[in-house]
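This report refers to the structure that appears directly beneath it.
Numbering of ligands and ligand atoms starts at 1, following listing order. Everything quoted here is computed from the prediction, not taken from an experiment. Side chains are part of it too, since the values below use all heavy atoms of this structure and drop only hydrogens, waters and symmetry mates.
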Amino acid sequence: MKDILTKEGILNNLTEDFNVLLFDEIDSTNLYLKNLARDGADEGTVVIADSQTLGRGRFDRRFHSPKNCGIYMSILLKPTLHPQDAVLITAAAAVAVSQAVEKLSCKKTQIKWVNDVLIDNKKICGILTEGSFKNADSFDWAVLGIGINAYTPENGFEEDIKNIATAVFEEKETGLRNLLCAEIINNFWNIYKNMPQKTFLEHYRNHSCVLGKEISVIKNNVSTYAKALGIDENCRLLVEYTDGTKEFLNSGEISVKI
Ligand code: BTN
């Protein structure tokens with residue numbers, strides 16, 4: 001059984017008009033869309049690929065992007081948010097993915113602050129939002145990149161991620177990747193249009209695998225124990241260190257003790 005991404009299949013399931021560009025292989029959908037953004041492309045331009053040769057995640061880490069099994073996509077946004085709230089775009093995308101995956105796979109998802117979506121504590125999706133700014137107070141544009149392990153790759157997950165990654169679906173089904181892709185875009189767009197209301201944060205908090213947990217906060221390669229106390233209205237993570245001091249984290253890396 002094959003499940004091939006097609007432009008028609010994606011467009012048929014979208015509830016609004018998007019300019020969708022679909023590639024079999026690309027270096028990186030984020031890189032490609034950033035170039036289009038610099039050339040003045042419109043909000044709602046979406047670049048999707050079946051595989052990437054230079055897929056990148058946060059901290060410039062490689063994002064494995066093999067063919068026939070994933071969804072690698074980037075959406076161009078012209079946010080009216082303050083740049084310091086860019087984390088809300090990432091959080092909104094995590095909620096959009098979580099809702100779509102739960103609907104189509106009937107599996108429960110968890111969200112790991114700030115940008116990962118998990119099933120059974122293993123990563124199914126990473127999100128990378130990159131922006132260009134008019135000035136300190138406003139975005140020129142943002143590129144929201146979403147990478148999903150829809151199926152397990154033909155040769156299995158690569159050595160460095162095989163213990164921490166999993167796939168959304170076990171069995172390939174015709175049209176399922178198109179549907180998941182469109183469902184995520186539809187969900188995200190609904191949240192994005194109503195962003196100021198921040199209602200999506202309820203789902204974000206309910207699905208958090210971090211809240212109330214002992215975690216390690218990693219800064220400049222130094223790891224410090226803390227407890228995750230809450231997620232505020234700007235999606236900052238409130239942590240309490242063992243000496244009792246508290247801090248709101250805006251971005252960065254944490255690991256959760258399971
Ligand atoms: C992470 O896990 O740190 C984020 C991964 C983001 C990967 C996606 S795949 C589509 C888009 N293109 C990229 O090169 N990266 C993002």
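- Close contacts of ligand 1 with T29, meaning ligand atoms under 4.0 Å from a residue heavy atom, involve 10 (C), 11 (C), 12 (N).
- Here the heavy atom of the protein found nearest to atom 5 (C) of ligand 1 is F63 CD1, 3.5 Å.
- A salt bridge does not link E25 to K67: none of the charged nitrogens lies less than 4.0 Å from a carboxylate oxygen.
- R62 and D160 are not joined by a salt bridge, as no carboxylate oxygen comes within less than 4.0 angstrom of a charged side-chain nitrogen.
- With respect to K193 and E16, a salt bridge is recorded, a charged nitrogen being found less than 4.0 Å from a carboxylate O.
- Of the protein's non-hydrogen atoms, the one nearest atom 3 (O) of ligand 1 is R58 N, 2.8 Å.
- Counting atoms of ligand 1 from 1 in the listed order, those under 4.0 Å from a heavy atom of K123 are 1 (C), 2 (O).
- Closest of all the heavy-atom pairs between C235 and A91 is SG-CB, 3.5 Å.
- Ring planes of F133 and F139: tilted class, angle from 30 to 60°.
- Salt bridge K2/E173: absent, no basic N to carboxylate O contact under 4.0 Å.
- Near M73, meaning under 4.0 Å from any of its heavy atoms, are these atoms of ligand 1: 10 (C).
- Counting only distance, with no hydrogens or angles, the side chain of S105 and the backbone of V101 share a donor-acceptor pair below 3.5 Å.
- Among G147, A49, S65, the residue whose heavy atom lies closest to atom 8 (C) of ligand 1 is G147.
- Every atom of ligand 1 is numbered from 1 in the order shown, and the set under 4.0 Å from a heavy atom of G55 is 14 (O).
- Heavy-atom contacts of N30 reach the following atoms of ligand 1: 11 (C), 12 (N), 16 (C) (cutoff under 4.0 Å).
- No more than 12 heavy atoms of other residues, nucleotides or ligands lie within 6.0 Å of NZ in K227, so this atom counts as exposed by the packing criterion.
- When the side chains of ILVMFWY residues are joined at heavy-atom separations under 4.5 Å, either directly or via intervening members, Y151 and V117 end up in a single hydrophobic cluster.
- The N/O atoms of R56, backbone and side chain alike, include one that comes under 3.5 Å of an N/O atom in ligand 1.
- Scanning all protein heavy atoms for the shortest distance to atom 9 (S) of ligand 1 gives Q52 NE2, 3.4 Å.
- Remark: ligand 1 atoms within the under-4.0 Å shell around heavy atoms of S28 are 12 (N), 13 (C), 14 (O).
- When heavy-atom distances to ligand 1 are checked against a 4.0 Å cut-off, I146 comes that close only through its backbone atoms N, CA, C and O.
- Geometrically, ligand 1 and S74 share no nitrogen or oxygen pair separated by less than 3.5 Å.
- Against a heavy-atom cut-off of under 4.0 Å, G57 is close to the following atoms of ligand 1: 1 (C), 3 (O), 4 (C), 5 (C).
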